[in-house]
*Asks:* 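Please see the structure below; I have some questions.
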Amino acid sequence: MLVVDDERAIREITRGTLESCGYRVLTAKDGTEAVALYAQHQQNIRGVITDMSMPFLDGPATIRALQKVNAAVKILAVSGLAENPGPLDAAHPGSVRFLQKPYTAEELVRTLHGMLHEPVLGQEQV
(Lines give C-alpha, C1' and ligand atoms only; values in the text may rest on other atoms or scores of the structure.)
Protein backbone atom coordinates (compact mmCIF):
# COMPACT_ATOMS: atom_id res chain seq x y z
CA MET A 1 0.00 0.00 0.00
CA LEU A 2 1.22 3.51 -0.77
CA VAL A 3 0.06 6.29 1.59
CA VAL A 4 0.41 9.86 0.32
CA ASP A 5 -0.14 12.82 2.64
CA ASP A 6 1.77 16.02 3.28
CA GLU A 7 1.06 15.79 7.02
CA ARG A 8 3.62 13.50 8.67
CA ALA A 9 1.35 12.57 11.59
CA ILE A 10 -1.42 11.40 9.26
CA ARG A 11 1.06 9.35 7.20
CA GLU A 12 2.40 7.65 10.30
CA ILE A 13 -0.99 6.97 11.90
CA THR A 14 -2.28 5.55 8.62
CA ARG A 15 0.87 3.44 8.22
CA GLY A 16 0.47 2.04 11.74
CA THR A 17 -3.22 1.28 11.23
CA LEU A 18 -2.59 -0.54 7.96
CA GLU A 19 0.45 -2.44 9.21
CA SER A 20 -1.55 -3.65 12.22
CA CYS A 21 -3.99 -5.14 9.68
CA GLY A 22 -1.23 -6.95 7.80
CA TYR A 23 -0.54 -4.47 4.98
CA ARG A 24 2.99 -3.55 3.95
CA VAL A 25 3.14 0.23 3.58
CA LEU A 26 5.26 2.78 1.74
CA THR A 27 4.70 6.48 2.43
CA ALA A 28 5.18 9.64 0.39
CA LYS A 29 5.02 13.25 1.56
CA ASP A 30 3.62 14.61 -1.72
CA GLY A 31 2.38 13.60 -5.14
CA THR A 32 5.77 13.92 -6.81
CA GLU A 33 7.36 11.49 -4.37
CA ALA A 34 4.32 9.18 -4.68
CA VAL A 35 4.57 8.90 -8.46
CA ALA A 36 8.30 8.15 -8.26
CA LEU A 37 7.77 5.48 -5.57
CA TYR A 38 4.86 3.95 -7.47
CA ALA A 39 6.84 3.77 -10.72
CA GLN A 40 9.70 2.05 -8.87
CA HIS A 41 7.59 -0.37 -6.77
CA GLN A 42 4.28 -0.78 -8.62
CA GLN A 43 4.54 -4.58 -8.73
CA ASN A 44 4.39 -4.55 -4.91
CA ILE A 45 1.73 -1.85 -4.44
CA ARG A 46 -1.89 -3.06 -4.38
CA GLY A 47 -3.41 0.38 -3.90
CA VAL A 48 -2.80 4.03 -3.13
CA ILE A 49 -4.35 6.23 -0.45
CA THR A 50 -3.86 9.89 -1.33
CA ASP A 51 -4.82 13.15 0.29
CA MET A 52 -6.54 15.52 -2.12
CA SER A 53 -5.00 18.77 -0.80
CA MET A 54 -1.20 18.75 -1.01
CA PRO A 55 1.45 21.20 -2.19
CA PHE A 56 3.40 20.67 -5.43
CA LEU A 57 1.21 17.95 -6.95
CA ASP A 58 -2.31 17.86 -5.46
CA GLY A 59 -4.55 14.80 -5.23
CA PRO A 60 -6.27 15.02 -8.62
CA ALA A 61 -2.94 15.62 -10.41
CA THR A 62 -1.34 12.75 -8.46
CA ILE A 63 -4.21 10.45 -9.46
CA ARG A 64 -3.81 11.34 -13.15
CA ALA A 65 -0.03 10.82 -12.98
CA LEU A 66 -0.39 7.44 -11.26
CA GLN A 67 -2.93 6.33 -13.88
CA LYS A 68 -0.44 7.21 -16.63
CA VAL A 69 1.95 4.73 -15.01
CA ASN A 70 -0.80 2.12 -14.50
CA ALA A 71 -4.33 2.73 -15.76
CA ALA A 72 -5.71 0.04 -13.43
CA VAL A 73 -4.21 1.38 -10.19
CA LYS A 74 -6.72 1.35 -7.31
CA ILE A 75 -6.84 4.65 -5.48
CA LEU A 76 -8.56 5.82 -2.31
CA ALA A 77 -8.79 9.62 -2.29
CA VAL A 78 -9.24 11.21 1.13
CA SER A 79 -10.10 14.80 1.97
CA GLY A 80 -11.08 16.98 4.87
CA LEU A 81 -12.97 19.32 2.57
CA ALA A 82 -16.71 19.54 3.22
CA GLU A 83 -17.81 18.02 -0.08
CA ASN A 84 -17.11 14.91 -2.11
CA PRO A 85 -15.07 16.12 -5.08
CA GLY A 86 -17.39 14.31 -7.50
CA PRO A 87 -16.10 12.13 -10.33
CA LEU A 88 -12.36 11.85 -9.83
CA ASP A 89 -11.73 9.66 -12.81
CA ALA A 90 -14.01 9.67 -15.82
CA ALA A 91 -11.54 7.63 -17.89
CA HIS A 92 -11.41 4.74 -15.43
CA PRO A 93 -14.72 4.65 -13.55
CA GLY A 94 -14.59 2.64 -10.36
CA SER A 95 -10.81 2.76 -9.95
CA VAL A 96 -10.97 5.72 -7.55
CA ARG A 97 -12.95 5.79 -4.32
CA PHE A 98 -13.44 8.70 -1.92
CA LEU A 99 -13.34 8.77 1.89
CA GLN A 100 -14.19 11.91 3.87
CA LYS A 101 -11.86 12.98 6.72
CA PRO A 102 -12.06 12.53 9.61
CA TYR A 103 -12.58 8.78 9.38
CA THR A 104 -12.07 5.97 11.84
CA ALA A 105 -9.48 3.23 11.44
CA GLU A 106 -12.37 0.81 10.90
CA GLU A 107 -13.85 2.96 8.10
CA LEU A 108 -10.44 3.22 6.42
CA VAL A 109 -9.76 -0.51 6.54
CA ARG A 110 -13.30 -1.44 5.44
CA THR A 111 -13.22 0.98 2.48
CA LEU A 112 -9.75 -0.14 1.48
CA HIS A 113 -10.68 -3.82 1.70
CA GLY A 114 -13.76 -3.23 -0.47
CA MET A 115 -11.73 -1.34 -3.05
CA LEU A 116 -8.99 -3.96 -3.25
CA HIS A 117 -11.35 -6.93 -3.46
CA GLU A 118 -13.97 -5.64 -5.87
CA PRO A 119 -13.88 -7.42 -9.22
CA VAL A 120 -12.38 -5.62 -12.17
CA LEU A 121 -14.91 -5.06 -14.96
CA GLY A 122 -14.27 -7.23 -17.99
CA GLN A 123 -12.34 -9.91 -16.09
CA GLU A 124 -13.81 -13.25 -15.18
CA GLN A 125 -14.01 -14.38 -11.57
CA VAL A 126 -11.76 -17.35 -10.79
Side-chain angles (χ1 to χ4, degrees):
M1 193 62 47
L2 175 58
V3 175
V4 189
D5 201 299
D6 58 316
E7 293 186 45
R8 184 175 183 267
I10 293 175
R11 282 194 314 270
E12 293 307 314
I13 290 168
T14 304
R15 174 203 296 263
T17 298
L18 296 176
E19 286 179 344
S20 72
C21 293
Y23 291 98
R24 289 181 305 177
V25 180
L26 293 172
T27 62
K29 66 182 180 297
D30 59 42
T32 304
E33 185 178 13
V35 174
L37 277 171
Y38 187 80
Q40 185 178 7
H41 299 283
Q42 68 178 304
Q43 68 279 3
N44 298 316
I45 297 174
R46 294 184 59 206
V48 178
I49 301 169
T50 185
D51 187 27
M52 294 302 285
S53 299
M54 297 181 291
F56 307 116
L57 198 62
D58 68 2
T62 299
I63 291 168
R64 287 189 297 275
L66 290 168
Q67 290 174 330
K68 286 183 180 177
V69 176
N70 175 7
V73 61
K74 297 207 176 204
I75 299 171
L76 179 59
V78 297
S79 177
L81 299 176
E83 296 182 21
N84 184 319
L88 296 170
D89 181 23
H92 307 282
S95 66
V96 180
R97 289 200 181 183
F98 179 78
L99 184 60
Q100 180 74 44
K101 288 180 182 178
Y103 48 80
T104 65
E106 181 182 320
E107 289 171 320
L108 173 64
V109 172
R110 184 177 53 244
T111 302
L112 190 57
H113 181 80
M115 178 183 81
L116 294 175
H117 294 92
E118 98 184 341
V120 178
L121 294 177
Q123 291 186 354
E124 291 183 31
Q125 293 279 342
V126 184

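Values below: every heavy atom of this structure, side chains too, minus hydrogens, waters and symmetry copies.
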*Asks:* Which heavy-atom pair separates A39 from V69 by the least distance, and what is that distance?
*Replies:* CA-CG1, 4.2 Å

*Asks:* Can you tell me how far CG of L2 sits from OH of Y38, rounded to the nearest 0.5 angstrom?
*Replies:* 9.0 Å

*Asks:* Please tell me if the side chains of R97 and I75 come closer than 4.5 Å, counting only heavy atoms from C-beta onward.
*Replies:* no

*Asks:* Should I10 and M54 be counted in the same cluster of Ile, Leu, Val, Met, Phe, Trp and Tyr side chains packed under 4.5 Å apart?
*Replies:* no

*Asks:* Please confirm whether the backbone N or O of R24 pairs with a side-chain atom of E19, one donor and one acceptor, at under 3.5 Å?
*Replies:* no

*Asks:* Please find the pair of heavy atoms, one from M1 and one from L116, that lie closest to each other, and give the distance.
*Replies:* CE-CD1, 3.6 Å

*Asks:* Of the non-hydrogen atoms in V109 and C21, which two are nearest, and what is the gap between them?
*Replies:* CG2-SG, 3.7 Å

*Asks:* In terms of side-chain geometry, is the basic nitrogen of R110 or E106 positioned less than 4.0 Å from the acidic oxygen of its partner?
*Replies:* yes

*Asks:* Could you tell me whether the side chain of F98 reaches within less than 4.5 Å of the side chain of T111, counting heavy atoms only?
*Replies:* no

*Asks:* Show your working on salt bridge (charged side-chain N to carboxylate O under 4.0 Å, His left out) between E12 and R8 and close with a plain yes or no.
*Replies:* CA-CA 6 Å; E12 293 307 314; R8 184 175 183 267; 5.2 Å; no

*Asks:* Take L18 and V3 through the test side-chain contact (heavy atoms from CB on, under 4.5 Å) and record every step on the way to the result.
*Replies:* CA-CA 10 Å; L18 296 176; V3 175; 3.9 Å; yes

*Asks:* Under a 4.0 Å threshold between the charged nitrogen and the carboxylate oxygen, would K101 count as salt-bridged to D51?
*Replies:* yes

*Asks:* Do the side chains of T17 and I13 get nearer than 4.5 Å, heavy atoms only?
*Replies:* yes

*Asks:* Taking the side chain as every heavy atom from C-beta outward, state whether T27 and R11 have any atom pair closer than 4.5 Å.
*Replies:* yes

*Asks:* Looking only at non-hydrogen atoms, find the nearest pair between A77 and M52 and report the distance.
*Replies:* CB-SD, 3.4 Å

*Asks:* What is the minimum heavy-atom distance between T62 and V35, and which atoms define it?
*Replies:* O-CG2, 4.4 Å

*Asks:* Stepwise, does the side-chain contact (heavy atoms from CB on, under 4.5 Å) test hold for L112 with Y23?
*Replies:* CA-CA 11 Å; L112 190 57; Y23 291 98; 4.1 Å; yes

*Asks:* Is it true that a side-chain atom of K74 and a backbone atom of M115 form a donor plus acceptor pair closer than 3.5 Å?
*Replies:* yes

*Asks:* Could you check if a side-chain atom of T14 sits within less than 4.5 angstrom of a side-chain atom of D5, using non-hydrogen atoms only?
*Replies:* no

*Asks:* Keeping the roles fixed (side chain from H41, backbone from L37), state whether a donor-acceptor pair exists under 3.5 Å.
*Replies:* no

*Asks:* With a 4.5 Å limit on heavy-atom distance, are the side chains of I63 and V96 in contact?
*Replies:* yes

*Asks:* Looking at every heavy atom in both A34 and L66, which two are closest together, and how far apart are they?
*Replies:* O-CD2, 4.2 Å

*Asks:* Tell me, with the steps shown, if L76 and V48 meet side-chain contact (heavy atoms from CB on, under 4.5 Å).
*Replies:* CA-CA 6 Å; L76 179 59; V48 178; over 6 Å; no

*Asks:* Would you check if V73 and Q67 make a side-chain contact, meaning some heavy-atom pair closer than 4.5 Å?
*Replies:* yes

*Asks:* Does the side chain of D6 come within less than 4.5 Å of K29's, by heavy atoms?
*Replies:* no

*Asks:* Determine whether more than 12 heavy atoms belonging to other residues, nucleotides or ligands lie under 6.0 Å from atom OH of Y103.
*Replies:* yes

